[in-house]
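The block underneath contains the structure these notes are about, expressed in structure tokens.
Whatever order the structure lists ligands and atoms in, that order sets their numbers, starting from 1. All values derive from a computational prediction rather than experimental measurement.
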Amino acid sequence: MDNILNLEKIVKIYGVNTKNPYKALHGIDLKITKNSFNAIIGQSGSGKSTLLNIIGTLDQATEGKVPFNDEDISNYSKEQLADFRNRKIGFIFQFHYLLPEFTAIENVLMPYQISKRPITEEVRERAEYLLDTVGLSKYKNTPSTQLSGGQQQRVAIARSLINQPDLVLADEPTGNLDSDSTESVYQLLREINKDLKTTFVIITHDRKVAEKADRIIELKDGSIYADITK
Ligand code: ADP
Ligand code: MG
């Protein structure tokens, strides 16, 4: 089967040149299948965010390779990497980080604007389609501060998809939401996974959520402890 990610022997040591280096990842081998929906679980401190940040090229592994769709990104300059990340990967964090002085649709368009391309009618329609998909078409011109927590997280989901990324990475995307919103946000992510064929890797502490994934990867002390594909 086609893999979008093929991590080899990923080691992460924080504070390499300090008195107290800390090995957060102990040689992780991990292949992720294209179009799959994956949950990463594990106790606090087990290395989940470290792994996700390395997959998302937000942080660098101390050792090991992170080829993406067979594209070797290891020698990219900072600018090349930022451009690559912007085009290929969508991010959803626990806190939505919307820009408060902008409307819902302006926030959705932000990752597109960062790449300095002009906003065409087609892109605007895509932003509207995504807001519609997350159930917020009525709120497209509402300032983000006037939306509820669940609605703001939905805007963040639409925003993560504006550049048609191959991969969406989410770090406890519902950690901040009540259980009803959590349920509907996950429902939504699964639908997007089906409809748009986007690959998802999601960190969650919620077992119920993880059980809906195609695959559950459990980390323990910086290693893969369990790996269950349904
Ligand atoms: P998780 O997301 O599973 O809670 P993290 O990946 O955030 O775990 O952290 C894994 C381990 O690495 C923890 O022991 C944490 O304290 C340590 N760690 C994380 N970030 C840093 C950092 N920037 N510097 C030093 N240690 C860190
Ligand atoms: Mg974390």
Under 3.5 Å, which donor-acceptor pairs link side chains of residues 39-48 to any protein atom two or more places apart or in another chain?
residue, atom, partner, partner atom, Å
S46, OG, Q43, O, 2.6
K48, NZ, G42, O, 2.9
K48, NZ, Q43, O, 3.1

No-hydrogen, no-angle side-chain donor-acceptor test under 3.5 Å, N35 and N193 = no
Atom 3 (O) of ligand 1: of K48, K220, K23, the nearest heavy atom sits on K48
Is the closest heavy atom of S44 to ligand 1 under 4.0 Å?
-> yes
Determine, for K34 against D166, whether the closest basic-nitrogen to carboxylate-oxygen distance falls under 4.0 angstrom.
-> no
Could you pull out the closest heavy-atom pair between R154 and L136, with the gap in Å?
-> CB-CD1, 3.7 Å
Charged tip of R190 within 45° of F37 ring normal and under 6.0 Å | yes
What is the nearest protein non-hydrogen atom to atom 5 (P) of ligand 1, stated with its residue, atom name and distance?
-> T50 OG1, 3.6 Å
Would you say S46 contacts ligand 1, with heavy atoms under 4.0 Å as the rule?
-> yes
Do NZ/NE/NH1/NH2 and the carboxylate oxygens of E183 and K212 come within less than 4.0 Å?
-> yes
To which protein heavy atom is atom 8 (O) of ligand 1 closest, and what is the distance rounded to 0.1 Å?
-> G47 N, 3.3 Å
Sum up the protein N, O or S atoms located under 2.8 Å from the Mg ion (ligand 2).
-> 1
Determine whether the side chains of N20 and T18 contain a donor N or O and an acceptor N or O closer than 3.5 Å.
-> no
Of all protein heavy atoms, the one nearest atom 15 (C) of ligand 1 is Y22 CE2, 4.7 Å
Taking atom types as modelled, find out whether Q152 and H96 have a side-chain donor-acceptor pair closer than 3.5 angstrom.
-> yes
State, without any angle test, whether S49 and D171 hold a side-chain donor-acceptor pair at a distance under 3.5 Å.
-> yes
Between K78 and Y76, is NZ or CZ placed under 6.0 angstrom from the six-membered ring centre and within 45° of the ring axis?
-> no
Nearest to atom 7 (O) of ligand 1, what protein heavy atom do you find, and at what distance?
-> S49 CB, 3.8 Å
Where ligand 1 meets Q43 - atom numbers and elements under 4.0 angstrom, heavy-atom basis | 3 (O)
Report yes or no: does K12 have a heavy atom closer than 4.0 Å to ligand 1?
-> no
Nearest non-hydrogen protein atom, atom 19 (C) of ligand 1 | Y14 CE1, 3.4 Å
For the residue pair F91 and F93, categorise the inter-ring angle as parallel (less than 30°), tilted (30 to 60°) or perpendicular (more than 60°).
-> parallel
Can you find an N/O atom of A24 closer than 3.5 Å to an N/O atom of ligand 1?
-> no
Under a 4.0 Å N-O cut-off, is there an ion pair linking E63 with K9?
-> no
Nearest non-hydrogen protein atom, atom 4 (O) of ligand 1 | G45 N, 2.7 Å
